Amino acid sequence: MPFKTLDDVSDLNGKTALVRVDFNVPVEDGRITDDTRLRVALPTIEKLTAKGAKVALLAHFDRPKGKVVPSMSLKFVAPALAALLGKPVAFADDAVGDATEAAIKALPAGGVILLENVRFHPGEETNDPEFAAELARLADIYVNDAFSAAHRAHASTEAIARLIPAYAGESMRRELTALDKALGNPERPTLGIVGGSKVSTKLDLLKNLVGKLDYLSIGGGMANTFLFAQGFDVGGSLCEKDLKDTALEIMAAAAEADCRILLPLDIVVAQEFKANPANRTEDIGAALSDADKIFDAGPKTVDELCKVMAGAKTLIWNGPLGVFELPPFDAATVATAKFAAQQTKSGKLVAVAGGGDTVAALNHAGVADDMTFVSTAGGAFLEWMEGKVLPGVAALEG
Ligand code: ADP
Ligand code: MG
């Protein structure tokens, strides 16, 4: 790995580690409804405190846009984190400043403090070097454990990493290692699955992947645009007809790069957008009416995809193959996910998946834990799949 990890730090006794985490947790009526992001940070906190470091946690919450917005305070996270850690977590009312510095100073070796929402300061999102210097003053080392925030060049993710010794935290390291196995340095043959609703949101992603993968399966609503571009009837389906030429360009680029594109061979069609409506399965090329909408891929498509997957060593997956929220249009996604899980469990496949709805679909299929790695990083994961440089990661590489 081209960056330093926590294994590279030795003497931290009484020193302060400023750790950027992602504590932007979902909240309803003041209650945290999913504490995954807190749990993900535990290995880094525990590793640092075990080395005797004082840990100051730095995070954003919501979008206060550079102003103090009391309803966006991070204070409520401290007791929840304390419960998970099994030790006290102090709280500082500001991410920077003399009082915060004093509060860190007052911590015992191995103590933990959470700092107030870093986005209360305008310098955070502008990546202001002066604000980064105020942050850097608080600590001896900087640790970035928030891959999900690494696609933004902010003071707490980018500028600070250039001011004091910077390290990747455990979750950051895990994420980058998995992503490298999937796309950076994968075992071939490699298969990508890209689904979801629209081609327009995933153009950069498709363009990057066709240059890198041996096979690319295009599914979900975006497959309709590709089918339409090839002259097949898509009826009243979600379809970006204006992107016909773009779809053809992507297919040509794939052919040029020796990436085989897999499009649906058969489709599941219905007229009503609801659970369990009347529906039928057709081969592509069948005539569809304007009321017909393609909501899922059919069994022949899944069969072909699983055959290719059986011969693949690496799978990278973003986007469901159908409207998985409405049964029975979850069928292709669930069957494919189960097959990927089986291949992974038997050691034949490295399977890495990410994306908000993709994670939900894999959970729905009951196989999220059976994949090699499931990224919950959202935008950062997608930008990484697009082949973009993530400023927060680049800054760690120095
Ligand atoms: P992710 O969040 O994993 O990146 P997307 O947001 O791109 O995924 O896509 C997920 C959405 O795509 C889901 O809400 C799903 O219902 C929708 N979708 C999948 N297939 C179709 C289809 N054939 N027609 C319309 N929407 C679809
Ligand atoms: Mg989504």
Side-chain angles (χ1 to χ4, degrees), residues 26 148 151 179 182 192-206 208-209 216-229 232-241 243 247 262-277 279-282 284 286 288 290-298 301-302 305 315-337 340 351-365 367-368 371 373-386 388:
S148 50
H151 58 314
L179 299 190
I193 300 177
V194 178
S197 48
K198 289 183 173 178
V199 177
S200 52
T201 61
K202 295 195 177 167
L203 276 179
D204 290 343
L205 198 151
L206 291 168
N208 185 44
L209 292 185
L216 177 62
S217 162
I218 297 175
M222 69 174 65
N224 300 338
T225 302
F226 283 82
L227 292 174
F228 171 77
F232 294 111
D233 197 346
V234 296
S237 304
L238 174 65
C239 176
E240 294 170 289
K241 297 191 170 163
L243 290 180
L262 308 169
L263 285 174
L265 302 172
D266 54 350
I267 50 188
V268 184
V269 177
Q271 302 202 336
E272 287 172 284
F273 189 81
K274 63 175 197 186
N276 301 306
N279 66 85
R280 61 187 204 276
T281 301
E282 300 271 14
I284 56 160
L288 303 184
D290 283 351
D292 287 332
K293 295 181 189 71
I294 302 169
F295 285 149
D296 200 11
T301 307
V302 173
L305 179 51
L315 169 68
I316 172 107
W317 186 350
N318 168 259
L321 296 174
V323 183
F324 74 99
E325 299 95 332
L326 301 175
F329 310 114
D330 57 344
T333 304
V334 168
T336 304
V352 172
D357 292 290
T358 309
V359 175
L362 293 176
N363 280 324
H364 168 72
V367 298
M371 302 287 145
F373 187 76
V374 176
S375 174
T376 53
F381 176 80
L382 290 176
E383 289 199 20
W384 169 82
M385 268 186 95
E386 290 167 359
K388 299 207 170 116

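These numbers were taken from a predicted model, which means no experiment stands behind them. Atoms within each ligand, like the ligands themselves, are counted from 1 in listed order.
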Heavy-atom nearest neighbour in the protein, as seen from atom 9 (O) of ligand 1, with distance rounded to 0.1 Å: G196 CA, 3.1 Å
Tell me whether M222 reaches ligand 1 (any heavy atom closer than 4.0 angstrom to a ligand atom). no
For the residue pair K388 and N208, confirm or rule out a side-chain donor-acceptor distance under 3.5 Å. no
Considering only protein heavy atoms, which is closest to atom 6 (O) of ligand 1, and at what distance to one decimal place? D357 OD2, 2.9 Å
Among protein atoms, how many N/O/S atoms lie less than 2.8 Å from the Mg ion (ligand 2)? 1
Any nitrogen or oxygen of N224, side chain or backbone, less than 3.5 Å from one on ligand 1? no
Classify the contact between K198 and ligand 1 as side chain, backbone, both or neither, using a heavy-atom distance cut-off of under 4.0 Å. neither
Protein heavy-atom partner closest to atom 19 (C) of ligand 1 - residue, atom, separation in Å: G322 O, 3.1 Å
Under a heavy-atom criterion of less than 4.0 Å, does T201 contact ligand 1? no
Nearest 0.5 Å, what's the CG-NZ distance between L209 and K202? 10.5 Å
Considering only non-hydrogen protein atoms, determine which one is nearest to atom 23 (N) of ligand 1 and report residue, atom name and distance to 0.1 Å. I294 O, 3.1 Å
Residue portion contacting ligand 1 (non-hydrogen atoms closer than 4.0 Å) for D296: neither
Got a donor-acceptor contact below 3.5 angstrom from the S375 side chain to the A377 backbone? yes
With heavy atoms under 4.0 Å as the rule, classify the contact between K293 and ligand 1 as side chain, backbone, both or neither. neither
Before signing off on this row, confirm whether G354 and ligand 1 have an N or O atom pair separated by under 3.5 Å. no
Please report whether the ring centroid of F273 lies less than 6.0 Å from that of F295. yes
Show the nearest heavy-atom pair for residues N279 and A270, with the distance to one decimal. CB-CB, 4.0 Å
Is it true that the side chains of D266 and T281 contain a donor and an acceptor less than 3.5 Å apart? no
Ranked by distance from atom 25 (C) of ligand 1, the top protein heavy atom is L238 CD2, 3.6 Å
Heavy-atom contacts under 4.0 Å between T358 and ligand 1: side chain, backbone, both, or neither? both
Hey, does L382 come in under 3.5 Å of ligand 1, counting only N/O atoms on both sides? no
Could you tell me whether the side chain of E240 reaches within less than 4.5 Å of the side chain of K198, counting heavy atoms only? yes
